[in-house]
Amino acid sequence: MKKYYLPLGLIGLLVVLTGASWLGFFSDYIQTVIMLVGINIIVTASLNLVNGYMGEFSVGHAGFMAVGAYISTIFTTRVIPHFVLGTPLIPTGLYAPDVTAWAENPAAHLVFPVVLLIGGLGAAIAGLVVAIPSFKIRGDYLAIITLAVNYIVKSSFENTQALGGSRGITGIPKLSTVPWVFFWAVVSLWAMRNFILSNYGRGVVAIREDEIAAGLMSVNTRRTKILGFCISSFFAGIGGGLLAHLLLYINPSTFSILKSVEALAMVYLGGMSSISGSILGAIAYTGLAEALRPLRLWKWVVIPLILIFLMLFRREGIMGGREFKFLLPKEEVKGYAAASD
């Protein structure tokens, strides 16, 4: 019966969150914060796959979020309404067509997962384009390339008038809900956890420890790094799509380098090489940012100071390479139990 505790618990939590949101037990503000936490968990865990488990240093994660956000938004505001409502595929005005009728259609929520997957695949392809030349060389060049990609993506959207240019896209239907965000957070954590425990994931960790030794032990280092980077980009795209359909408005500045820095801060706050740390880091950072909102601009002085003190007194972050037991394979859980006895 124990093996069913976790899935049954997750299903029960999903039912509770769905019922509470439909019955109005949560205010709109609380629901928004819960969804931001879920989105940040997806983004943080995906970045931790590269910066923590792989041992590389990516600083342009917001660029892949932007690709997923714009692709999914184009489908929900332009492509699908064009075929369903007959709206213009490319609006002639400054704003997207009115898709209120489409957003109220129950079919919109059923199509939403497919749209997110398309956005994630677009981000994964963008990650592949970045990874192929980046992993031909070793060192810190990935940081420079991903930083450049973040600026390239942002500038490209700013100068594409069909996508709103610097004004961005408005009129995005509100399709991100607490159940959907919770579902995608669980799926992303489950997928990345299983990848890390797979042979490819073990290869990723081996590359972090010693890339030359990993190559000598028959690990195809370049292919493994490209695969890990594409998976990370895919889930960043999913997070970007969810964020776009939560905010209901996006522009290139939404995915500036500051967004990438936020993701880095959550990774280091929670702890490198730890999915559990990604969860706690996202929760702590989002909660701290909301709690300090009354300070306005001063909160961006307080939060960095807290991170500095954390790095001084607890360099490994909150978890520091450790995991919750439900994220460990059964063999390791038994090992921990035997060691405690």
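Nearest heavy-atom pair across Val181 and Ser176 is CG2-CB, 4.4 Å. Looking at every heavy atom in both residues, Arg222 comes nearest to Ile132 through NH2-O, 2.8 Å. Residues Gly240 and Ala69 come closest through the heavy atom pair O-CB, 3.3 Å. Shortest non-hydrogen contact noted between Ser46 and Ser232 is O-OG, 2.6 Å. The minimum heavy-atom distance linking Ile279 with Leu189 is given by the pair CD1-CD1, 3.7 Å. The two residues Gly165 and Pro252 have their closest heavy-atom pair at O-CD, 3.5 Å.
Within the 4.5 Å cutoff, the side chain of Ser166 has no heavy atoms near those of the Phe157 side chain. The closest side-chain heavy-atom distance from Phe324 to Met319 is below 4.5 Å. Inter-residue side-chain proximity for Ser72 and Ile118 is flagged as unmet; no heavy-atom pair is nearer than 4.5 Å. Looking at heavy atoms from C-beta onward, His245 lies in side-chain contact with Thr73 at the 4.5 angstrom threshold. Side-chain contact between Asn251 and Ile169 is absent, with no heavy-atom pair separated by less than 4.5 Å. In this structure, the side chains of Arg193 and Leu197 come closer than 4.5 Å at one or more pairs of heavy atoms. Looking at Ser278 and Met266, their side chains never come closer than 4.5 Å, going by heavy atoms from C-beta outward. Between Ser274 and Arg322, the closest side-chain pair of non-hydrogen atoms is not below 4.5 Å.
A distance of 9.0 Å separates OG1 of Thr177 from CG of Leu242, quoted to the nearest 0.5 Å. In this structure, OG1 on Thr221 lies 5.5 Å from CD1 on Ile207, to the nearest 0.5 angstrom. Note that the CD1 atom of Ile145 and the OG atom of Ser58 stand 10.5 Å from one another [nearest 0.5 Å]. Atom-to-atom distance recorded for Leu243:CG and Lys259:NZ is 5.0 Å, nearest 0.5 angstrom. One distance of note links CG of Leu49 with CZ of Phe235; it measures 9.5 Å at 0.5 Å rounding. With values rounded to the nearest 0.5 angstrom, Tyr29 atom OH is found 11.0 Å from Ile34 atom CD1.
Aromatic rings from Phe75 and Phe112 are positioned such that their centres are separated by 6.0 Å or more. Ring centers of Phe195 and Tyr200: at least 6.0 Å apart, outside the cut-off.
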Show, in sequence, the C-alpha distance, side-chain angles and deciding distance for Phe255 and Val153, and conclude whether the side chain to side chain contact (heavy atoms under 4.5 Å, CB included) test is met. CA-CA 9 Å; Phe255 305 100; Val153 171; over 6 Å; no
Go through Met192 and Tyr53 one step at a time and tell me if the side chain to side chain contact (heavy atoms under 4.5 Å, CB included) criterion holds. CA-CA 11 Å; Met192 282 183 275; Tyr53 289 98; over 6 Å; no
Test Leu280 against Leu269 for side chain to side chain contact (heavy atoms under 4.5 Å, CB included), laying out the working first. CA-CA 8 Å; Leu280 294 180; Leu269 176 63; over 6 Å; no
Verify side chain to side chain contact (heavy atoms under 4.5 Å, CB included) between Phe229 and Thr146, making sure each step is shown before the conclusion. CA-CA 11 Å; Phe229 194 83; Thr146 50; 4.0 Å; yes
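Under the 3.5 Å distance criterion, the side-chain polar atoms of Thr224 are left unmatched by any main-chain donor or acceptor of Gly203. Judged by distance alone, with hydrogens and angles left aside, the side-chain atoms of Ser156 form a donor-acceptor pair with the main-chain N or O of Ile152 at under 3.5 Å. Remark: the backbone N or O of Ile318 is paired with a side-chain donor or acceptor of Arg314 at under 3.5 angstrom. No donor-acceptor distance shorter than 3.5 angstrom exists from the side chain of Thr160 to the backbone of Leu163, with no hydrogens or angles considered.
Hydrophobic cluster membership differs between Leu258 and Trp298, with clusters built from Ile, Leu, Val, Met, Phe, Trp and Tyr side chains linked at under 4.5 angstrom. At a threshold of 4.5 Å between side-chain heavy atoms, the hydrophobic network of Ile, Leu, Val, Met, Phe, Trp and Tyr places Val186 and Ile39 in one connected group. Grouping the Ile, Leu, Val, Met, Phe, Trp and Tyr side chains by contacts below 4.5 angstrom, directly or via other members, places Ile125 apart from Val149. Hydrophobic clustering (ILVMFWY, side-chain heavy atoms < 4.5 Å, transitive): Tyr249 and Leu175 are in distinct clusters.
Pairs passing the side-chain hydrogen bond (donor to acceptor under 3.5 Å, both in side chains) check and including a residue from residues 31-40, sequence neighbours excluded, read Asn40-Thr286.
A perpendicular orientation is assigned to the rings of His61 and Phe64, their planes being inclined by more than 60° (bins at 30° and 60°). Note: Tyr268 and Phe57 have tilted aromatic rings, judged against thresholds of 30 and 60 degrees for the angle between ring planes.
Side-chain contact annotation: Ser273 with Arg208, donor-acceptor N/O pair under 3.5 Å present. Side-chain contact of Glu323 with Ser276: a donor-acceptor pair under 3.5 Å is present, judged by distance alone.
Other residues, nucleotides and ligands contribute over 12 non-hydrogen atoms within 6.0 Å of the CG atom of Leu216.
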